[in-house]
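Heads up: the structure comes next, in structure tokens.
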Amino acid sequence: MGWEAMRRIVVGGSIALVCGSAFVAAADLGAPGPYGWASFEDEIVDAARERTVSVLVVYPVPAEDVEPPRPGFPLIAFHHGFLLRGSLYRSYGERLASHGFVVVLPTYAMSLSSANHTELALDARLVIDYGLGLDRETGSPLFGRIDETAVGAAGHSFGGKLSLLEAAADPRVRAIAALDPVDGGGPGPADPVLFPSVTPERMGEITAPLLLVGAELGGVNWFLIPCAPPGENYQRFFETASSPAIEVTQRGAGHGQYVDPGAEFLLSACAPGTAEAGRVRSDATAYLTAFFLGHLGTDATALEWLDARLADDEAHGLISVRRTESGGT
């Protein structure tokens with residue numbers, strides 16, 4: 001869908017353009033940042049592959065006394081979990097946008113019988129192409145405002161795997177953050193063409209810094225199988241990482257607690273967390289924000305803040321942390 005068509009949908013009222021409040025820049029990267037935010041929805045159509053991806057775009061709105069960064073805002077593609085949708089991670093998009101990131105949250109067409117991970121990885125590349133294209137589209141609210149050299153990938157569960165699968169093939173991805181990623185395939189024996197494994201097979205191709213935030217209870221068998229089986233979870237990605245990597249285990253967290261409210265039925269198959277869900281999301285969002293601010297070049301002190309925050313949370317028994325030798329911040 002072209003920008004003019006999308007604009008008509010916004011004006012027609014079927015898409016809400018909602019601005020958040022602008023905040024004064026704060027040293028606490030776990031709090032909202034100096035920007036307000038706005039959002040719109042659109043569709044990406046790949047006619048050659050007969051694929052359509054719906055997207056929610058959340059982007060920064062500078063206050064009158066806040067200058068946008070130069071050469072522009074970094075871009076993050078944030079991928080949802082299996083059978084979920086992008087809007088269920090809106091809180092991450094809003095918080096990241098408040099710190100100066102353009103966040104594209106796609107919703108992929110998938111089902112239990114049609115989740116072809118190879119095709120979905122190509123869709124993930126489309127999402128990055130689309131996001132960067134907003135910088136070049138006259139009339140777009142992001143025209144000339146995106147830094148095409150600062151691209152990050154993030155995601156939860158299957159979306160975490162998708163972020164890594166895309167990063168292995170796309171050098172534009174400069175930093176990756178995955179929330180309880182799962183390197184699984186479809187039901188039954190895994191087809192290596194439809195469901196290519198990332199760890200250990202593709203980890204050597206990933207050179208970007210990596211943050212892995214995992215749920216301590218993700219591997220608990222609650223309904224038939226664990227939502228994040230121990231043999232395919234965030235720890236396996238960390239142990240085979242070749243790029244600088246940080247692994248954060250959130251104590252008492254469940255696999256489904258990274259999702260905004262609205263998918264309780266689908267997530268009821270996952271072992272419930274004993275930690276408070278709001279805190280799990282809030283802490284994970286703080287870690288992602290600082291990580292991306294540091295590695296995508298918008299805040300030189302962000303990695304120092306992340307170090308201090310992780311040390312404090314670990315001292316209070318909320319998390320445990322591992323790093324690769326080259327992965328310290």
Side-chain angles (χ1 to χ4, degrees), residues 79-84 110 112 115 117 120-121 153-165 167-168 176-192 194-206 210-259 263 266-277 279-281 283-284 287-288 310 313-314 317-325 327:
H79 307 291
H80 62 79
F82 184 58
L83 299 181
L84 299 176
M110 66 171 71
L112 286 171
H117 293 190
L120 288 164
H156 167 237
S157 191
F158 161 73
K161 172 186 177 174
L162 189 58
S163 300
L164 291 154
L165 197 58
I176 310 138
L179 301 173
D180 217 28
V182 180
D183 191 32
D191 182 323
L194 298 181
F195 309 110
S197 176
V198 177
T199 179
E201 293 86 352
R202 303 293 300 276
M203 295 301 288
E205 301 169 53
I206 298 173
L210 176 60
L211 173 66
L212 296 159
V213 180
E216 182 183 35
L217 304 182
V220 174
N221 190 346
W222 184 254
F223 180 74
L224 299 180
I225 60 172
C227 285
E232 302 174 338
N233 72 355
Y234 68 101
Q235 294 167 319
R236 306 293 83 78
F237 288 106
F238 174 80
E239 289 161 1
T240 57
S242 60
S243 60
I246 305 173
E247 176 201 87
V248 179
T249 298
Q250 291 190 285
R251 298 297 186 193
H255 182 74
Q257 290 187 300
Y258 296 101
V259 185
L266 281 173
L267 296 169
S268 63
C270 302
T274 58
E276 197 276 315
R279 182 183 62 75
V280 170
R281 287 195 301 276
D283 290 350
Y287 305 151
L288 264 65
L310 291 176
D313 286 355
E314 189 168 30
L318 300 176
I319 61 173
S320 60
V321 181
R322 293 195 292 175
R323 302 172 188 263
T324 61
E325 288 187 7

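Source: prediction; values computed, not measured.
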Geometric class of the H117/F158 ring pair [parallel <30°, tilted 30-60°, perpendicular >60°]: tilted

Side chain proximity check, N221 to P226, heavy atoms < 4.5 angstrom: yes

Contact check, side chains of L120 and L165, non-hydrogen atoms, under 4.5 Å: no

Any donor-acceptor pair under 3.5 Å from R236 side chain to P230 backbone: yes

Full working for side-chain contact (heavy atoms from CB on, under 4.5 Å) between L179 and L288: CA-CA 9 Å; L179 301 173; L288 264 65; 3.7 Å; yes

Residue among Y234, F195, F237 satisfying side-chain contact (heavy atoms from CB on, under 4.5 Å) with D183: F237

E205 side, atom CD; S242 side, atom OG - distance, nearest 0.5 Å: 9.0 Å

T199 and F238, any side-chain heavy atoms less than 4.5 Å apart: no

For P272 against L217, the heavy-atom pair lying closest together: O-CD1, 3.7 Å

Any R251 side-chain heavy atom under 4.5 Å of S320 side chain: yes

Distance-minimising heavy-atom pair for L84 and A263: CD2-CB, 3.8 Å

Taking every non-hydrogen atom, the tightest pair across A275 and R279: CB-NH2, 3.3 Å

Non-hydrogen side-chain atoms of I246 and L310 separated by less than 4.5 Å: yes

4.5 Å side-chain heavy-atom contact, V280 and Y258: yes

Any donor-acceptor N or O pair under 3.5 Å, side chains Q250, Y287: no

Over all atoms of both residues, closest heavy-atom pair of S163 and A154: OG-O, 2.9 Å

Given H79, H80, H255, the one that forms ring-ring contact (aromatic ring centres under 6.0 Å, His included) with H156: H255

Sub-4.5 Å side-chain heavy-atom contact between S268 and W222: no

Backbone N/O of L318 and side chain of D313: donor-acceptor pair under 3.5 Å: no

Nearest heavy-atom neighbours spanning D180 and G214: OD1-CA, 3.5 Å

Test salt bridge (charged side-chain N to carboxylate O under 4.0 Å, His left out) applied to K161 and E232, step by step: CA-CA 10 Å; K161 172 186 177 174; E232 302 174 338; over 6 Å; no

P244 to T324 - nearest heavy-atom pair and separation: CA-OG1, 3.6 Å

L164 and L210, any side-chain heavy atoms less than 4.5 Å apart: yes

Straight-line distance of E247 CD to I319 CD1, nearest 0.5 Å: 10.5 Å

